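Computed from a predicted structure; not experimentally measured. Numbered from 1 within each chain, the chains take letters A, B, ... in sequence-line order.
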There are 2 protein chains.
Amino acid sequence: MSDTPKYILVENYIKKSIQSKTLIDKLPGERSLAKELGFSYMTIRKAIENLVDQGVLYKIPTKGTYVNKDGSNKKKTSTIGYFLDSSIKSGISSPYYSLLLNAIEKEAAKHDYSVVYFSDTSVGRLKKTLSKLDGVIATCFPRIEDTILDIKQNVPIVVIENSAADKTIASVIIDNFNANVESVDYITSLGHQNIGFMMGLDDSDIGKSRFAGYKHGLQKNKIELNDELVFRGNYSYEAGIEGAEYFLSLQNAPSGIICANDSMALGAMQKFHQEGYDVPTDISIIGFDDIDVASQIVPKLTTIAAPVDQIAKNAFDILKDLINGEEPEQQHVTLAANLVIRDSCNKLKSDVAA
Amino acid sequence: MSDTPKYILVENYIKKSIQSKTLIDKLPGERSLAKELGFSYMTIRKAIENLVDQGVLYKIPTKGTYVNKDGSNKKKTSTIGYFLDSSIKSGISSPYYSLLLNAIEKEAAKHDYSVVYFSDTSVGRLKKTLSKLDGVIATCFPRIEDTILDIKQNVPIVVIENSAADKTIASVIIDNFNANVESVDYITSLGHQNIGFMMGLDDSDIGKSRFAGYKHGLQKNKIELNDELVFRGNYSYEAGIEGAEYFLSLQNAPSGIICANDSMALGAMQKFHQEGYDVPTDISIIGFDDIDVASQIVPKLTTIAAPVDQIAKNAFDILKDLINGEEPEQQHVTLAANLVIRDSCNKLKSDVAA
DNA sequence: TAATCGATATGCTATATAGCAAAAAATATT
DNA sequence: AATATTTTTTGCTATATAGCATATCGATTA
C-alpha cells in the first residue's frame, strides 16, 4: 500500500486520462466513477474538487463535470514577473525601465510566456502575487536585496542591472565600466580635456562602475581627475537641469559632459539651451542607456546603448532553466554596451578653430 | 432555515471572530469546535479547509490551526491589474501608457492597493492572472472588447481611454473633441489658416473624436476643411516622420500642424529640423498627451495635457466601489483636457512681418 | 535527576449514507 | 403529435464514524 492518499491517486489517474485523450470532454458521473474505480463516492469527489480548484476540470451543476481545455493542460501556462522597486524615480514610467519591461515581454512572448509587472515590496502582498508566478526577473538595487531574497524563497529569480550581494542569485548586467571608458575615449578624441561627469546615486554597482569607468577613462587618456567636474545627481531629468546649472557656475566649465544616464543628459541639454548654449557647438554631451527619445530629439543624443534585448534574452534564458530545474549554463552574465555616436558631440571649439 | 450551506456559515463565523479579535491566534481543535458550534466534525473541517485555501488560516499538522496575520486579514490584501493590449505600438514602453500606469500605481498606493501590469490576451493565461486580482483597469480599444468582456466575467473592470461598446462597462475618458477644438482655436489665434492634422488610427473613439475636434475647430474658425491637409498615421514616432515628409511634399504646405499624439509630433519635429525647417519659426506644432519628454525637448512642445492623475483617480474610485460591491456614483466619466502652451508654436510669419 | 512510556490532542484520510435541487430523459396522457 | 408527468441522473451538503501519524505533556520508572 502506498502512503499517498487515494484522492491523489484519483487525481493523477484523471490527469493521465486527459493527457492520453482517454478522457476528452465529459467525465462519468461521480457515483459511476466511484464504482468504476473502486473508491468511495466522497473520495472521488475530493479528487475532482481539487482538480476543479486547479482549473483542470470544471463543473456544471446537475449536468456533469468536464475537462477544461483552456490551455491549462495542453501547455503549462507560464507567467513570469518583472519586479521594479517602487522607489525608483517615476517608477515604471521611467523610459529606461519601461524599455526593459517591453524587451522582456517580447522575449517571453517568443517562448510563450506572459509577463506581469509589479513593484510592491510589502511582503504580505508579495506572496499573493508570487504565488501565481513561475519566476521573476528583478531590477536589483542594494536597498531591495531583502525583498529579492524574499522572492527567491518563493520562486526562481534572476536579477538584472546590478548583481546581488548574494552570489547564488543569478544576474545579467552590463559592462558599465568599459562603456564609460569608451565614452571618455571618444570625447577626448574630439579634443575635449575638460570633461564633466554627471553621476547618479553611487549606492549601486551601476552608479559606482559608471563613475569608475569615467575615472579610468580620464587616467587612460592622461587627464587628471578634477573633483569639481563631478556632479552628483539622482538620474532624474531635474537632476540634469541642476547639474547643468552647476557646471555653468564653474569658473572653468567643462566643454564636454558624460552623464550617467539619458534622462540627466536631457535635462542638461534643456538647461544649456535655455541659457543660450548650443549642444553640441558649445558643449558636447554623452548619455547612457539609449532610451527611445535619445534618438528622437534634436540634437540626437550620442549615448551608450544598453543592449536591452540581450539583457532580456539572457535573463529569460537563465530564468527558464531555473524554472525547469536545470542548471543554467552561466549564473552571471556581463554584456558589453557600446557607444552609439549621434549628434550631441562636436570637436572642441578651439580645435575646430585651429 | 437559510439556504446558505452550513460550512459557509461557519466560515463567516470564524472570519467574524477574527475581525472582532475574539479569535486571535490559535483555533480550538476541530473536534471541540464542532461540539461547540453544534455542527459535525466534517462540516467544520470543510469550513476551515476553505479558509486555509483563502489564506485566512494556516495549519500545522498535529499542532493546530492558526490565524494568518500576514496582512491578509488585517487589511484585505488588494491587488488590481492594469491591462494594456499587447498590440499597442511598443506596448508599455510607449511613454503615454507607462505614464498612465505610473499614475494608477500612485493612486492605488494611496489606498493601499498594489498594481500589476499585464498585457496577455490569451484567455487561458488571462484566467490565471485574473484569479489573483481584485479588479482591473484596462485601456480599451475596439479590437480587444472581447478580452475585456472576458475579464469582466472574472473581476470588476473599468475601462479608460475609450469607452466600450457595452455600456454596462464603466469608463473614464477624456474630452478629446473639445481639446482639439481648443488647439485649433489657439493656432488660428496665432494667425495660422493652413492647418494640417496628423491623425491616428480612426478605429477608436480617441482617433475619431480628436479628428472630429479638429474639423469642428476649423469650422468654428471659418476655415474650410482640406483633405490634403490630413495625414493618417498610427501614433508612432515613425509615422510622425512620414507625416512631416508628406506635408513638406505638398504644394501648399501647412504652417501649423496638430498631431493626434506627442510621439508623432516628436517625429515631425525631428524631420522638419532635418530638412532645415525650424519649429516654431517656420512651422508650428501642437501635440496631444503631454508625455514627459514633451516638456523636456527643445523646443518644448505645446500640447494637450491628458489629465493622467485625474484619469487614474476617477478610474480607481469607480473600481474600488465595484470591488466593494457598491454602486459607483458615476459609471461614465469624461474629463476635460486642456492645452498647455509652450514653445512649439509661433505667430504666422506673414503676421509677424505685418 | 533523567529517561521512558503512555495517554491525549491534533489534523488527515477514507468510507458510508441520506436527502436536496435542478436538469434531463423517459414515460404516460391528452 | 404535443404536452404533461414521472423517473433518473447529476452535483451538492451534511453527518457519523473509524483509524492513522505525529507531537506534546505528564506520570512513571530506573
Under-3.5 Å N/O pairs linking protein and nucleotides 5-8 of chain C:
none

What protein N or O atoms touch nucleotides 17-22 of chain D N or O atoms at under 3.5 angstrom, if any, and at what distances?
none

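Residue order along DNA chain C, read from the 5' end via each residue's closest nucleotide, puts Pro28(B) first among Lys63(A) and Pro28(B).
Going from atom NZ of Lys35(B) over to atom C1' of dA9(C) covers 13 Å, rounded to whole Å. Straight-line distance from the CD1 atom of Ile44(A) to the C1' atom of dT9(D): 17 Å, rounded to whole Å. In this structure, the NZ atom of Lys26(B) is 10 Å from the P atom of dT24(D), given to the nearest Å. As a whole-Å value, the separation of Glu49(B) CD from dT10(C) P is 18 Å.
Side-chain polar atoms of Ser163(A) and Lys167(A) form a donor-acceptor pair below 3.5 angstrom.
Contact check on Lys313(B) versus Asp317(B) returns a salt bridge, with a Lys/Arg side-chain nitrogen under 4.0 Å from an Asp/Glu carboxylate oxygen.
Annotation: side-chain hydrogen bond (donor to acceptor under 3.5 Å, both in side chains) contacts involving residues 7-17 of chain A, sequence neighbours excluded, comprise Glu11(A)-Asn50(A), Glu11(A)-Gln54(A), Lys15(A)-Gln54(A).
Closest to the side chain of Lys6(B), from the set dC12(C), dA14(C), dT15(D), is dT15(D). Distance from the side chain of Arg45(A) is smallest to dC12(D) among dC12(D), dT13(C), dT10(C). Among dT13(D), dG11(C), dT13(C), the nucleotide with an atom closest to any side-chain atom of Tyr7(B) is dT13(D).
No donor-acceptor distance shorter than 3.5 angstrom exists from the side chain of Asn324(A) to the backbone of Glu326(A), with no hydrogens or angles considered.
At least one side-chain heavy atom of Val172(B) sits under 4.5 Å from a side-chain heavy atom of Leu335(B).
Using cut-offs of 30° and 60° for the angle between ring planes, the Tyr82(B) and Tyr117(B) rings count as tilted.
For the side chain to side chain donor-acceptor pair (under 3.5 Å) test, residues two or more places apart in sequence or in another chain that qualify with Lys110(B) are Glu107(B). For Tyr66(A), the ring pair (Phe, Tyr, Trp, His ring centres under 6.0 Å) criterion is met by Tyr58(A), not counting sequence neighbours. For Ala164(B), the side-chain contact (heavy atoms from CB on, under 4.5 Å) partners at least two apart in sequence or on another chain are Cys140(B), Glu145(B), Ile169(B).
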